Asker: 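Following this message is one structure expressed as structure tokens.
Everything quoted here is computed from the prediction, not taken from an experiment.
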Amino acid sequence: MVSISNRKALYLAVFCLSFTVYSGSQFLTTVIAQKPLANEGDLSKRMKRVPPTESQDTAQNFEVEHGFQMELVAAEPAVMDPVDACFDENGQMYVAEMRGYPYLPEQRPKYLPGPVRKNAGVIRLLKDTNGDGKMNKSYVFADNITWPTSVCCFKGGVYVIAPPYIYYFKDTDGDDKADVREIVFSGLPTNNVQGLANNMKWSLDNHIYFAGGSNGGSILKDGKEVIPKGRRDLKLNPETRELEALSGGSQFGHSLDDWGNRFVCNNSNHIQHVVFPSRYLKRNPYLAVPSVLRTAARRGAVARVFRRSPAEPYRVVRTARRVADPEFSKRLSITEKFATGYFTSATGVTIYRGGAYPEPFQGNAFIGDVGGNLIHRKTMESKGATHIASRADKQTEFVTSTDNWFRPVNFVNAPDGTLWVLDMYRETIEHPFSIPEDLKRYLDLESGHDRGRIYRLSHPDAKQFKVEKLGDMSIGQLVSQLESPNSWNRETAQRLIWERQDKSAVEPLQNLFHSSKLPLARLHSLWALDGLNALNAEILNSALKDSVPGIREHAIRLAESHARMHPELAEKLLELTDDPDYRVQLQLAFSFGELNSDVAVSGLTKLINSENFDSDMQVAVLTSAAGIAGPLAVNFLRETSAELPDSKRSLVMELLKIAGANKNVGESLTVLKTISSDPRPLVQKQLILAALGEGLSRRDTSLSALFSDERLDAEVKHRLDKMIDEVIQITGDEDRSIAERIAAIRLAGYFEFRVTGEVLTDVLNPRSAPEIQLATIEALARMGSENVSQSLLQNWSGFSPTIRTEVIDALLGSSGRIQYLLAAIKNQQVKLNEITRDKKELLTNHPHPPIRDQARSVFGNEVNPDRARVVQAYESALKYQGDVERGKLVYRKNCAACHKVGDQGFQVGPDLTSTKNKSDRDLLIAILDPSREAQANFNTYTIVTTQGKLITGMIAAETATSYTIRRAEGKQDIILRNNIDTLLSNGVSLMPNGLEKEINHQQMADVIAYIKSLKTSAD
């Protein structure tokens, strides 16, 4: 692509090209208005509207696998724009109707027909009054709200998400219309219609969980912030109205399985598992975790879909513009000509939990792709800490339709044991920004606002469940419902028991736990007892010995609040460290952090030595190690006087970082005393002390300060002083091996500049081996001294391109160093052409005005700001015959640092194989004008730490305790939240403008040809 640096690649931004539709996406995926073709003809004739199918005729459009059928249970005018639904305790259905989609009133184009529909959202109440399985009565329960995205029952009313508010509605006079209308929370962002909070679900722990969406933002209660700004999911206590942030942060879709595992999805990553619970992560503010989500799909996030519906007319015209040239049209696959083939709009991921369907369908995941008019199905299996989801229907989809209006946005586990499908039924579901303006004028993106369908997925061999009226049942009858094979019965019965808080339920619940042969009944009885504050040590002891691992797992979690008062429970938890089940041990690793330190150290040590111990269990252990990291690390250091085994090295390093970050200096001093008398060589001590030094730097201190702490006795200080002398001596000794010197150099970087800066400055010269130079740059960059900039640049003229790239990266680490760099460019110590285009873009768009102004003064206006004109000038490149092999070389040189194909490159940007069905012109636009189409999560952010360091890159992950910032070549910086002073969105893609100055037309054609040749799996 662009010859700028063989170590710093630019983002191709092909990830900006997915046709993002209603998936709750955080992205405003923009397709630039493409130039009409000379022979395009009369668009008014070509852009014929797709007619709807009337509800009574829909069956002919569906093809459903395995004998299933789509049975219509409700349709317009009884329901419109359904996006979420729930059933109350008597089987009545509340539906969230997102009737204002896709415009806020102020965003609606003036040329659209009809009046502006302000606050058009509706909560609908549907009833089946004659027992035929169809909803024959319809009522407007609540209206005059914005975009309702979710509804959830509680105490005879419903909670409703309709950003910017969360409401509670209730009918108290029996007229089927809410007369109670409360705003419970406010502040939920509405800036992106596809990034709204959504999908409230009751959980086993008697709380309502929901997806926070991708818009971020703070949440307010009575005008006060209760949840700070960020991407996360949420948990609501519906009684106390307390809100808690959870791990998550995906888009439209949120589901729990029978055992409480949570799954979410986004537009192309169609099923993700929430692996690490926020309640444990935030317990250890010193722990940085790269991600809380795990792609569950067996073959990764990118997956093909098999669509039967034809391409919409506007897609046909848009595609015609792409294939107008006969030469490159020959190279297009059939999927490219119809812009289909892959998940681009996954939505509503739901685990089927009913009891009606045959066994092979139990626990399956169902996912809609609204852009493809289909429903995808996955089989699920537990594996370690996460789950593996595999395509269930080979070379086809579970449900496909020839009707372009079929938009399966969500699913509901119904009282009759089946899965119900919510069909928004719209002519177009696509963000307005993703359609060229000249084409959009022939469309009505609100078309279908008065339509909607709800279907039941039925099977000829399905069990028939009578819809029970649980609201009329006694406590004893509700307890018996916990043995139902149908999740709606169990979940609703537990909810009602919790709502009533009737202590007469305690004895029947205890009896059910001891007598029931059904694991899920025992599971619900435990959580129901917990909701009544009636769990006791006797029940928990029995549960901890249950024959089903899932019961033992949940019993461990429930025992956390009891084990401190009941030593026998703590002892039982210690015994379970020998449990053969992985998830039992994983829960123990989380739960030991709630117990006293002696129990925790003993239990965690046993788990670490378990055969099941892996990287995920390591994270769980670390969440429990906030106050005991030092003792744990010392235990392992004392176990071996030689090199740490591979299975323990990563764990010990993380424990040392946590110990160093802890404001309780005693832990760090304990480690220091141990290592000062340790006989192992400096190469091994370097790993230990560097990890401790990393932790110390997170609270703005250093090894130098720790070494001089007055609480260390004279003998320890003497040994440490000798160690510093050894570090300095080895760093500068050219006769030492490279490995020894690198170990010493890395350790030197954790001391203050006044201690080791001079020797590092001397070593950073062109005579040193490249490995030595790179290690030295890294060490100097870690220091906070003003002298670092001069040390990094003093031998600039003699550095190789690779070394220069790393020096520039180091200089971008603080405002002072950036200003020093800009001054060096101005006085021509560093030449303009030695700064890569991505760095120029970063500096000239820097969020700090003084830096931005200085950079623009230095670099001038060398890039044409009229990117549309640049794209137009390069359109002739699309007529060139691209060569795949030449394009592969271009990729390796310039793209592999951010995109991985096979075993080549780094996975920073998205998988390039997902672009196989995108046009050459789409790629051209994205490469030459990346920020115009940039997806929000591939934009750059700058974090300013409390130590004054600047880190710029993409936010790859966000957890309760940290942000992960990712840069080219897979480089990552994990920054603890409590070390962040400022977080700024730069509003631009990491890929810079101006590539036309460094790439010719043939190179563009070649790299596009290579990208288009990539293959993907069908899973």
Side-chain angles (χ1 to χ4, degrees), residues 288 653-654 656-657 659-661 668 671-672 675 681-708 720-721 723-734 736-765 768-795 799 803 805-814 816-817 820 945 947-951 967 971-975 979:
M653 296 303 105
E654 290 301 321
L656 290 166
K657 291 175 187 177
S668 296
V671 174
L672 204 57
I675 202 65
L682 185 66
V683 172
Q684 293 302 313
K685 288 184 178 180
Q686 174 268 324
L687 292 173
I688 297 165
L689 289 172
L692 185 64
E694 172 65 27
L696 292 166
S697 68
R698 291 176 180 175
R699 58 182 179 89
D700 200 20
T701 188
S702 67
L703 282 175
S704 295
L706 190 66
F707 275 30
S708 58
L720 294 174
D721 287 342
M723 190 183 302
I724 294 174
D725 292 340
E726 186 180 6
V727 167
I728 294 171
Q729 188 272 325
I730 294 175
T731 295
D733 189 350
E734 296 182 359
R736 293 275 189 160
S737 70
I738 288 179
E740 286 181 294
R741 293 187 70 195
I742 288 176
I745 289 167
R746 287 175 175 165
L747 183 52
Y750 289 99
F751 294 97
E752 294 175 12
F753 188 88
R754 62 178 176 79
V755 177
T756 56
E758 182 178 349
V759 67
L760 290 173
T761 302
D762 290 341
V763 168
L764 185 56
N765 65 74
S768 296
E771 303 95 321
I772 297 292
Q773 294 182 62
L774 291 172
T776 306
I777 294 167
E778 181 184 350
L780 284 167
R782 197 173 286 114
M783 297 177 166
S785 170
E786 296 178 357
N787 298 314
V788 167
S789 300
Q790 182 178 353
S791 297
L792 289 168
L793 280 177
Q794 71 174 10
N795 287 310
F799 290 151
I803 301 301
T805 297
E806 296 302 321
V807 168
I808 296 299
D809 259 8
L811 288 169
L812 294 177
S814 72
R817 293 181 196 173
Y820 192 96
T945 70
Q947 295 84 39
K949 293 182 179 179
L950 298 179
I951 300 100
R967 298 177 282 123
K971 293 180 179 178
Q972 290 191 163
D973 299 287
I974 302 178
I975 303 97
N979 280 346

Asker: Minimum heavy-atom separation for Ala744 to Leu682, with atom names?
Answerer: CB-CD2, 4.3 Å

Asker: If only atom types and distance count, is the side chain of Arg699 paired as donor or acceptor with the main-chain N or O of Gly660 below 3.5 Å?
Answerer: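 Side chain of Arg699 to backbone of Gly660, a donor-acceptor pair under 3.5 Å: yes, one is there.
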
Asker: Mind checking the CD-CD spacing from Glu654 to Glu694? Nearest 0.5 Å is all I need.
Answerer: 9.0 Å

Asker: About how many Å separate CZ of Arg754 and OG1 of Thr756, when rounded to the nearest 0.5 Å?
Answerer: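 Those atoms lie 9.5 Å apart.
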
Asker: How close do Leu764 and Ser791 get, heavy atom to heavy atom, and via which atoms?
Answerer: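 Minimum heavy-atom separation between Leu764 and Ser791: CD2-O, 3.8 Å.
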
Asker: Can you tell me how far the CD1 atom of Ile742 sits from the CD1 atom of Ile730, to the nearest 0.5 Å?
Answerer: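 The CD1 atom of Ile742 sits 13.0 Å away from the CD1 atom of Ile730.
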
Asker: Which atoms form the tightest heavy-atom contact between Phe751 and Leu747, and what is the distance?
Answerer: CD1-O, 3.4 Å

Asker: Check whether more than 12 heavy atoms from other residues, nucleotides or ligands sit under 6.0 Å from atom CD of Glu758, and answer yes or no.
Answerer: no

Asker: Quick one: are Val755 and Leu703 in side-chain contact, heavy atoms under 4.5 Å?
Answerer: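 Result no, sub-4.5 Å side-chain heavy-atom pair not found.
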
Asker: Roughly how far, to the nearest 0.5 Å, is CD1 of Ile675 from CG of Leu689?
Answerer: 5.5 Å

Asker: Is the number of heavy atoms from other residues, nucleotides or ligands within 6.0 Å of CD (Gln790) greater than 12?
Answerer: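 No, not enclosed.
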
Asker: Is there side-chain contact between Leu792 and Tyr820, with heavy atoms separated by less than 4.5 Å?
Answerer: no

Asker: To the closest 0.5 Å, what do you measure between CD (Glu726) and CD (Glu740)?
Answerer: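 So the gap between those two atoms works out to 9.0 Å.
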
Asker: Minimum heavy-atom separation for Gly732 to Val763, with atom names?
Answerer: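 Nearest heavy atoms, Gly732 then Val763: CA-CG2, 4.2 Å.
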
Asker: For a quick test of your reading: what N or O donor-acceptor pairs under 3.5 Å do the side chains of residues 778-788 make, sequence neighbours left out?
Answerer:
unit_1 : atom_1 : unit_2 : atom_2 : d
Glu778 : OE2    : Arg782 : NH2    : 3.1
Arg782 : NE     : Tyr750 : OH     : 3.4
Ser785 : OG     : Asn787 : N      : 3.0
Ser785 : OG     : Asn787 : ND2    : 3.3

Asker: For Leu687 and Met653, which heavy atoms make the closest approach, and how far apart are they?
Answerer: O-SD, 3.2 Å

Asker: Rounded to the nearest 0.5 Å, how far does CD1 of Ile728 lie from CD1 of Ile745?
Answerer: 12.5 Å

Asker: Can you check whether Glu752's main-chain N or O pairs, donor with acceptor, with Ser704's side chain at less than 3.5 Å?
Answerer: yes

Asker: Do Phe753 and Leu760 have side chains that get closer than 4.5 Å, going by heavy atoms?
Answerer: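 They are not in contact (no side-chain heavy atoms under 4.5 Å apart), so the answer is no.
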
Asker: How close do Leu706 and Ser668 get, heavy atom to heavy atom, and via which atoms?
Answerer: CD2-CB, 3.8 Å

Asker: Judged by modelled atom types alone, do Gln729 and Asp725 share a side-chain donor-acceptor pair under 3.5 Å?
Answerer: no

